[in-house]
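Below is one structure, written out as structure tokens, with a few remarks after it.
Residue numbers begin at 1 in each chain, while the letters A, B, ... track the order of the sequences. Quantities reported herein were computed from a predicted structural model and do not represent experimental measurements.
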Amino acid sequence: MSVTVLERLERLPRRNLTVLALKGISTLVPGGWRNQTSATDLISDVLGSDDPELIQQVRARADELSRARHEGYRRALSLYDAVNRSQKAAGGLRVLANVAGALPLVKRVASLTPASETLQAVDLSLKVAAEMLAFTQVNGLPGDSFAAFSSSLNEYTDEARVRMAALVCFDALLPLGDQALHRLDGLLGKVGSRQLHQLPAYAGMASLLPGRGEAAHLGFLRRGVDHWLGWADGFVGELGLNSQRAVRALEGTLGPWHGGMEQLATFLDAFTDTYAHTGVQAVARRLVERAAAEI
Amino acid sequence: MSRNLRWGIGLLLIAGLLLGAFFFLPFRSWLPGGTVGDIATREVVNGSSFNRLFPRPQAGEDLVFTQEKRGFSQARLKRGDEVKALLSISDVVTAPASRSKFLHSSEQLQSWPLVDQGSQASALLVADRFQVKVIGQGSGLDLQQRHELLGAFDLPGLAALNPALKPASKARGREALPAGQGQPVRPKVREREPQASRIPAFLNRSKAVLEPAA
């Protein structure tokens, strides 16, 4: 039997690079972020009671719900996992390219990796698509309801806002610069369907995207990003996010960074799993909210 | 290679392919474990038909729907930016254990059994089939406020959704609660004529919403 959502929550790290990076970014978001890794704490927080018998009932119900395939909670997690794997693959490739660029014999590897910015733009659009698909899985809407998704973005509070701030900073502002959101559409426009197929990020996600074939998937990604951009623009303006502030916030927890911003983004991509980490926490919360209502 | 060995390998390959096809191809959805409590989704009332029955938010409040699944619908009641409560309606067909807690309840609200769970949750069992629950969030709600919220749901409308009340459908293996708890005590006076005419409309609607989503 595979792992339930709450077991995944309890296996999340309490303190590592991922947690530190998220702590750093959360200083930019009012409301803050707590690394919730205890199922019992989460249940008693939602239920407003620490009666062990009630908590046990909620937990049993949550496990039953997460084992049912039709309910979509585990499918939401597999989306986050797929994105995480692709992020690691892309990050690893770029770290390799950076290292290999310095060694004369393997220099050719560096020229084999795809253009970094395009790769990054596709990675971001895949993450936005994963967020939307996971949202529809957890909320029970059909798979391409862009409008419902973009209106729900306004309802994102505390933890979810930190999650989106991390997405904007780590995957847009740091690697692509302060004008990232305005350049994104242009960058995605340059991705042809053949090129998309060659990206490691896409391979893991392809089976999870609605539609058949690269062209349909590309259209889906661009529409998703389009809806997300409208909201993200306001979000960045409201919090005053930019790459300088993001770096300073990260330095607060990770220590001083002397490299460029793009290297920082590559480093974070290759060695942290912020997206899957917060994803598991978000899905677990929704699942517990339902289980508490059903016991 | 001996003839028998070749046959053996061939048969093994075929068996492997068949097993693989059964577990990994679309047949998967036919296997048990796909739905909650292994109860077929068509037996469960769809969450989209619950949405209209939630209380109307008062001035300064906001009702934001967060989940809508088979047999479940949930919304947050917000005042400004603060979440005051989680409101939900669920079909207890997939959670028989949740019905049993109402067996010993002495309180009633609009003649349906009422139970308080812990310090922030209150639940109501309507028509022996639907659980309505209010869970206080953040600074919390007191007992009085939670019971008022429960009363603000469209409870007669919810009771009318019960498929057991329709002549065509057959109630499926559910043991009845003692009299007076399974049935509302009062509503005998005003029978379900007004709702009876509405029932087909609900069903048609819920089915229409369902098909693409399922």
Side-chain angles (χ1 to χ4, degrees), chain A residues 1-2 30-31 43-58 60-75 135-145 148 151-152 154-158 160-161 282-283 285-295, chain B residues 28-29 31-41 44 46-48 62 64-74 76 78 81-83 85-92 94-95 97-98 101 116-121 123 131-141 209 211-214:
Chain A
M1 204 78 214
S2 47
I43 293 171
S44 73
D45 186 33
V46 168
L47 206 53
S49 152
D50 29 6
D51 178 353
E53 197 190 326
L54 281 179
I55 289 177
Q56 182 48 43
Q57 283 176 23
V58 174
R61 182 70 185 163
D63 286 346
E64 189 180 2
L65 287 172
S66 72
R67 272 195 293 268
R69 287 191 309 272
H70 279 267
E71 296 304 314
Y73 297 102
R74 280 238 301 269
R75 202 173 306 154
F135 166 85
T136 57
Q137 285 296 328
V138 170
N139 293 34
L141 298 162
D144 49 0
S145 38
S151 68
S152 81
N154 295 318
E155 293 301 329
Y156 275 31
T157 50
D158 304 343
R161 279 166 78 86
V283 173
R285 191 170 188 98
R286 280 294 158 87
L287 176 65
V288 165
E289 282 178 356
R290 172 163 179 196
E294 285 195 343
I295 57 155
Chain B
R28 227 183 125 92
S29 57
L31 294 178
T35 54
V36 189
D38 279 337
I39 290 178
T41 43
V44 184
N46 198 19
S48 55
D62 225 352
V64 181
F65 284 89
T66 51
Q67 292 194 58
E68 181 196 305
K69 296 280 182 70
R70 266 291 177 164
F72 183 73
S73 182
Q74 186 166 57
R76 292 166 189 229
K78 293 174 78 177
D81 273 346
E82 191 198 4
V83 179
L86 291 176
L87 311 180
S88 56
I89 302 180
S90 58
D91 188 340
V92 295
T94 62
S98 69
K101 67 174 176 287
D116 293 301
Q117 290 179 304
S119 55
Q120 282 302 325
Q131 177 171 223
V132 183
K133 194 176 273 193
V134 173
I135 307 176
Q137 299 284 295
S139 50
L141 299 173
V209 175
E211 297 308 341

Interface residue of largest heavy-atom contact number with chain B, from Asp51(A), Asp45(A), Leu47(A), under 4.5 Å: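 Among Asp51(A), Asp45(A), Leu47(A), the one with the most close pairs to chain B is Leu47(A).
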Ile295(A), part contacting chain B, at a heavy-atom distance under 4.5 Å: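 Answer is both: backbone and side chain atoms of Ile295(A) are under 4.5 Å from chain B.
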Per-residue contact mode, Arg286(A) against chain B (heavy atom under 4.5 angstrom):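 The answer is both parts of Arg286(A).
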Side-chain ion pair, Glu294(A) and Arg290(A), N-O less than 4.0 Å: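 Looking at Arg290(A) together with Glu294(A), the answer is yes, because their closest N to O distance falls below 4.0 Å.
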Pairing of Arg76(B) and Asp62(B) as salt bridge, 4.0 angstrom limit: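 Salt bridge flag = no for Asp62(B) with Arg76(B).
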Using non-hydrogen atoms and a 4.5 Å limit, figure out which bit of [X] sits close to chain A: side chain, backbone, both or neither.
{"X": "Gln74(B)", "answer": "side chain"}
{"X": "Ala97(B)", "answer": "neither"}
{"X": "Ser119(B)", "answer": "both"}

Gln131(B) and Lys101(B) side chains, donor-acceptor separation under 3.5 Å: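 Distance-only check passes for Lys101(B) and Gln131(B).
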Derivation of the side-chain contact (heavy atoms from CB on, under 4.5 Å) call for Asn46(B) and Lys69(B): CA-CA 7 Å; Asn46(B) 198 19; Lys69(B) 296 280 182 70; over 6 Å; no
Non-hydrogen side-chain atoms of Glu68(B) and Asn139(A) separated by less than 4.5 Å: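 Answer no - side chains too far apart.
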